[in-house]
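Okay, so here's the structure we're looking at.
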There are 2 protein chains.
Amino acid sequence: MTLDEAWRILRENQYKRTKNRDSILHFFSKNDRYLTALDIRNFMENENPGISFDTIYRNLTTFTELGILEETELGGERRFRMHCDPGVHHHHFICTSCGKTRNIPHCPMDIITVHLPNHEVEGHKFEIYGKCPTCVA
Amino acid sequence: MTLDEAWRILRENQYKRTKNRDSILHFFSKNDRYLTALDIRNFMENENPGISFDTIYRNLTTFTELGILEETELGGERRFRMHCDPGVHHHHFICTSCGKTRNIPHCPMDIITVHLPNHEVEGHKFEIYGKCPTCVA
DNA sequence: CATGGAATCGTAATGATTCCTATTTAAAAG
DNA sequence: CTTTTAAATAGGAATCATTACGATTCCATG
């Protein structure tokens with residue numbers, strides 16, 4: 001997703017354009033990987049050294065709810081990345097060292113027919129973990 | 001996995017038979033669902049009201065390392081369940097209300113052929129979330 | 001530029017998990 | 001059955017990620 005698309009969604013939902021949101025989104029748009037709240041905090045060292053974690057988490061939650069970011073959990077902490085292709089459902093290979101991802105176009109739900117009578121399916125998760133070429137070397 | 005199998009593994013690895021371990025394993029063997037550290041704490045109300053979280057987590061880690069338990073993360077906390085069938089790789093439907101599970105015999109890794117050149121695959125996760133028949137009603 | 005509500009800051013609070021040290025216990029040896 | 005010793009535990013403090021909150025600042029609209 002581009003910055004313009006993200007801001008269009010935010011505007012449509014009456015969210016204000018602030019310096020923090022601009023910086024955070026810009027950081028995500030430059031990084032094709034899953035990032036932590038601390039990553040963002042560190043990146044803001046220059047732009048806004050005093051940024052509150054409250055602000056970071058609040059915006060991460062907002063962005064995720066609006067579908068601008070997608071979220072996962074790795075090593076006991078929440079991680080976020082720019083929702084790469086909002087229209088097309090897909091999954092990820094995730095590097096456990098650097099958080100970098102690689103798309104997996106297939107979805108097991110399309111292939112696996114599971115019989116779950118009377119169950120109410122809400123969602124699913126399919127992720128492959130490992131080391132990306134850079135971190136292998 | 002049965003209690004006997006669990007204790008055989010523990011014995012083989014020189015772990016002592018303690019009252020806490022007995023209680024915890026017994027609790028897991030009776031519950032076909034993912035449980036939190038707090039669930040265990042509450043269950044021990046009778047058997048050992050003063051049990052330390054250190055003890056709980058230490059044993060959960062040990063059991064998981066030995067393959068007696070399997071672990072996942074749900075709603076920001078770690079959950080554990082008895083490793084249902086150590087020989088046969090499988091996945092789970094997990095109830096987001098009560099943690100109860102249902103086996104999914106298929107594995108997406110067997111079906112999906114992903115091209116990940118130079119990547120080092122360490123593992124994967126496939127889980128379906130929702131409400132079990134009991135929690136739907 | 002005045003106004004009102006959204007957004008933020010700074011810090012305190014929370015909840016899950018881990019660390020630390022003195023004490024207790026399992027089980028092996030005598 | 002006692003002694004011995006390393007493993008296991010209790011209790012509480014510490015840590016880490018995350019959230020809550022009151023006071024202040026900022027964005028957008030008129």
Side-chain angles (χ1 to χ4, degrees), chain A residues 6-27 34-66 68-69 71-81 96 99, chain B residues 6-27 34-66 68-69 71-81 96 99:
Chain A
W7 275 117
R8 180 183 51 75
I9 293 171
L10 283 164
R11 217 177 318 114
E12 280 172 5
N13 289 273
Q14 277 90 46
Y15 285 95
K16 293 180 178 172
R17 179 155 205 146
T18 68
K19 204 146 184 85
N20 282 333
R21 286 183 179 147
D22 243 333
S23 298
I24 294 172
L25 286 175
H26 198 251
F27 186 41
Y34 275 103
L35 301 165
T36 65
L38 189 58
D39 290 332
I40 293 159
R41 176 50 153 22
N42 292 338
F43 163 73
M44 300 290 272
E45 200 87 340
N46 307 315
E47 326 230 353
N48 178 3
I51 190 169
S52 166
F53 273 107
D54 186 30
T55 302
I56 294 173
Y57 281 109
R58 185 165 21 75
N59 281 313
L60 288 176
T61 301
T62 300
F63 295 162
T64 304
E65 282 170 359
L66 293 174
I68 294 169
L69 299 182
E71 181 180 358
T72 192
E73 187 271 335
L74 207 57
E77 54 191 344
R78 299 165 70 190
R79 285 163 184 261
F80 302 83
R81 61 157 293 145
T96 51
Chain B
W7 275 115
R8 178 183 54 73
I9 293 170
L10 284 164
R11 217 178 315 114
E12 279 171 4
N13 289 275
Q14 278 90 45
Y15 285 95
K16 293 180 178 173
R17 179 157 205 147
T18 67
K19 198 133 184 93
N20 281 333
R21 285 181 180 149
D22 243 333
S23 299
I24 294 172
L25 286 176
H26 198 252
F27 186 42
Y34 275 103
L35 300 165
T36 64
L38 189 57
D39 289 333
I40 294 160
R41 179 43 171 344
N42 292 338
F43 164 72
M44 299 290 270
E45 199 89 339
N46 307 315
E47 328 231 351
N48 178 2
I51 191 170
S52 165
F53 273 107
D54 187 30
T55 301
I56 294 172
Y57 281 109
R58 185 167 18 76
N59 282 313
L60 288 175
T61 302
T62 300
F63 295 161
T64 303
E65 281 169 2
L66 294 173
I68 294 168
L69 298 183
E71 181 181 357
T72 192
E73 186 271 336
L74 206 57
E77 54 191 344
R78 298 166 70 192
R79 286 163 183 259
F80 303 83
R81 58 157 297 145
T96 51

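Chain letters run A, B, ... following the sequence lines, proteins first, then strands; residues in each count from 1.
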Using a cut-off of 4.0 Å on non-hydrogen atoms, how would the nucleic acid contact of [X] be classed: base, sugar-phosphate, or nothing?
| X | answer |
| --- | --- |
| A/Ile51 | sugar-phosphate |
| B/Arg17 | sugar-phosphate |
| B/Arg58 | base |

Where the side chain of [X] is defined as all heavy atoms beyond and including C-beta, which of [options] is the nearest nucleotide?
| X | options | value |
| --- | --- | --- |
| B/Arg78 | D/dT9, C/dT17, C/dT8 | C/dT17 |
| A/Thr18 | D/dT18, C/dT8, D/dA8 | C/dT8 |
| A/Ser52 | C/dT8, C/dT11, D/dT18 | C/dT11 |
| B/Ala37 | C/dT17, D/dA28, D/dT19 | C/dT17 |
| A/Tyr15 | D/dT18, C/dA7, D/dA6 | C/dA7 |
| B/Lys16 | D/dA17, D/dA7, C/dA7 | D/dA7 |
| A/Arg21 | C/dT18, D/dT18, C/dA7 | C/dA7 |

task: Report the residue (A/Asp54 or A/Thr36) whose heavy-atom-nearest nucleotide on DNA chain D is the more 5′ of the two.
output: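 It is A/Thr36, whose closest nucleotide lies nearer the 5' terminus.
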field: Nearest non-hydrogen partners of A/Ser23 and A/Met44, listed with the distance
entry: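 Heavy-atom minimum between the residues: CB-SD, 3.6 Å.
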query: When you check the gap from the basic side-chain N to the acidic O, do A/Arg78 and A/Glu71 get nearer than 4.0 Å?
result: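 Salt bridge present between A/Arg78 and A/Glu71.
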- prompt: Rounded to the nearest 0.5 Å, how far apart are CD1 of B/Ile24 and CD1 of B/Ile40?
  reply: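 B/Ile24 atom CD1 to B/Ile40 atom CD1 measures 5.5 Å (nearest 0.5 Å).
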- prompt: Roughly how far, to the nearest 0.5 Å, is CD of A/Glu77 from CG of A/Leu38?
  reply: 7.5 Å
Side-chain N or O of B/Asn59 closer than 4.0 Å to phosphate OP1/OP2 of D/dT9: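 Result: yes.
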